[in-house]
Amino acid sequence: INYSPNYLYQWQSSTDSLNWNSVAGQTLFSASIVQSAKTYYRCKVSCADSFSFSKIVVVDVAPFINCYCSSAAYPDDFTDIGNIQLAGVSYGSDTLATNTYGGNTYRDFTDSLAPITLEQDGNYTMKIIAAKTNRSTNYIKAFVCIDFNQNGAFESSEIVSTGPFTTTAVSRVSFSLTIPDTAILGITRMRVVLLDGNAGTNNFLPCGNYYNYGETADYLVSIIPTL
């Protein structure tokens, strides 16, 4: 469509490209619309007693599993996540030694590792082992957040671990976590953030590049009914 100050514009939407409704407030040459499902759009262009329609465009919505905020340490040095252990599953290298993992700030395992199965109302012990380069063992702290309501965001109520720094210079930390009985069944994302003892913060934010010396890693978990 072309712009003219003499034209009147009315954007329309449809869920099936057959039945159309005018979108309230969208009467300019361009439109700004919030949607939660796949939607078709067109613009009705009027001038005097005549009108025509623009080409139809379709706008899809990405699955919630792909809509999360970014998170990473900002120096790519020292401490990474070497291994996680949860619900009988172990991913990574169960070692205290310096290894090749050091130097990452963020890794996404949602495509390469199978989901970890967790039950509603289940109680688990999770272990995280650090992988280090360029320094000996140090104090570490781990944070874990699971998107229980599957809305593509990590909320404060979904933080399942904010344990204190280890009190001795070790490379592993263990903590308990509980899956609420209100967790939506199905596959969702779990974010693990490991902070080195020199990170300089005790506050957990699941998004952003806000901490020194550590790593963020994302995994999938599968929530199932209580067995």
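Note: hydrogens, waters and symmetry copies are ignored here, and every other heavy atom, side chains too, is used. No experiment lies behind these values; they were computed from the predicted model shown.
- The OH atom of Tyr7 lies 8.0 Å from the OG atom of Ser52; values are rounded to the nearest 0.5 Å.
- Atoms CE and CG, on Met190 and Leu86 in that order, are 5.5 Å from each other to the nearest 0.5 Å.
- Atom CD of Gln26 sits about 10.0 Å away from atom SG of Cys43, to the nearest 0.5 Å.
- Under the 3.5 Å distance criterion, the side-chain polar atoms of Trp11 are left unmatched by any main-chain donor or acceptor of Gly25.
- In terms of heavy atoms, Ser161 sits closest to Ala142 at OG-O, 3.6 Å.
- Side-chain N or O atoms of Ser14 include one that pairs as donor or acceptor with a backbone N or O of Asn19 at under 3.5 Å.
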Atom pairs and distances, side-chain donor-acceptor, residues 179-189, under 3.5 Å, sequence neighbours left out:
residue	atom	partner	partner atom	Å
Thr188	OG1	Asp147	O	2.7
Arg189	NE	Ile65	O	3.4
Arg189	NH1	Asp218	OD2	2.9
Arg189	NH2	Ile65	O	2.7

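- Taking hydrophobic clusters as Ile, Leu, Val, Met, Phe, Trp and Tyr residues chained together by side-chain heavy-atom distances below 4.5 Å, Ile224 does not share a cluster with Met126.
- Between Ile56 and Arg42, the shortest heavy-atom distance links the atoms CG1-CB, 4.3 Å.
- With hydrophobic clusters built from ILVMFWY side chains whose heavy atoms lie under 4.5 angstrom apart, Phe53 does not share a cluster with Val57.
- Formation of a donor-acceptor pair under 3.5 Å by the Gln10 side chain with backbone atoms of Leu28 is not found in this model.
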>> Determine whether Ser90 and Asn83 satisfy the following criterion, side chain to side chain donor-acceptor pair (under 3.5 Å), listing intermediate values before the conclusion.
In response: CA-CA 7 Å; Ser90 178; Asn83 170 262; 2.9 Å; yes
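- Tyr106 and Val193 are members of different hydrophobic clusters when ILVMFWY side chains are connected at heavy-atom separations under 4.5 Å.
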>> Checking Val59 against Tyr41 for the side chain to side chain contact (heavy atoms under 4.5 Å, CB included) test, could you report, in this order, the C-alpha distance in whole Å, the side-chain angles of both residues, the deciding distance, and whether it holds?
In response: CA-CA 8 Å; Val59 180; Tyr41 296 99; 3.9 Å; yes
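- Closest approach of Leu118 and Ala87 over heavy atoms only: CD2-CB, 3.8 Å.
- Counting only heavy atoms from C-beta outward, the side chains of Lys38 and Val58 approach each other to under 4.5 Å.
- Val89 and Leu220 are members of different hydrophobic clusters when ILVMFWY side chains are connected at heavy-atom separations under 4.5 Å.
- Atom OG1 of Thr125 sits about 8.0 Å away from atom CG of Leu177, to the nearest 0.5 Å.
- Taking each heavy atom of Ser71 and Cys207 in turn, the nearest pair found is CB-CA, 4.2 Å.
- Atoms OG1 and CG, on Thr178 and Asn123 in that order, are 4.0 Å from each other to the nearest 0.5 Å.
- Panel note: side chain Thr226, backbone Gln120; a donor-acceptor pair is recorded below 3.5 Å.
- Side chains of Ser70 and Tyr68 form no contact here, defined as non-hydrogen atoms less than 4.5 Å apart.
- The cluster map of Ile, Leu, Val, Met, Phe, Trp and Tyr, joined by side-chain heavy atoms under 4.5 Å apart, puts Phe154 and Val160 in different clusters.
- Nearest heavy-atom pair across Val61 and Ser36 is CG2-C, 3.8 Å.
- Remark: side-chain polar atoms of Gln150 are not paired, donor with acceptor, to backbone N or O of Phe64 under 3.5 angstrom.
- Here Phe29 contributes atom CZ and Asn2 contributes atom CG; the two are 7.0 Å apart, rounded to the nearest 0.5 Å.
- The closest side-chain heavy-atom distance from Ile84 to Ile116 is below 4.5 Å.
- Nearest heavy atoms, Tyr40 versus Trp20: O-CZ3, 3.6 Å.
- Using a 4.5 Å cut-off on side-chain heavy atoms (C-beta onward), Cys69 and Arg191 make contact.
- No donor-acceptor distance shorter than 3.5 angstrom exists from the side chain of Asp108 to the backbone of Asp111, with no hydrogens or angles considered.
- Residues Val192 and Phe109 have side chains not in contact (no heavy-atom distance under 4.5 Å, counting atoms from C-beta outward).
- Under a 3.5 Å cut-off, the side chain of Glu158 and the backbone N or O of Phe148 do form a donor-acceptor pair.
- Counting heavy atoms from C-beta outward, Glu155 and Asn149 have side chains that approach closer than 4.5 Å.
- A parallel orientation is assigned to the rings of Tyr219 and Tyr91, their planes being inclined by less than 30° (bins at 30° and 60°).
- Contact check for Phe175 versus Ile128: side-chain heavy atoms found under the 4.5 Å cut-off.
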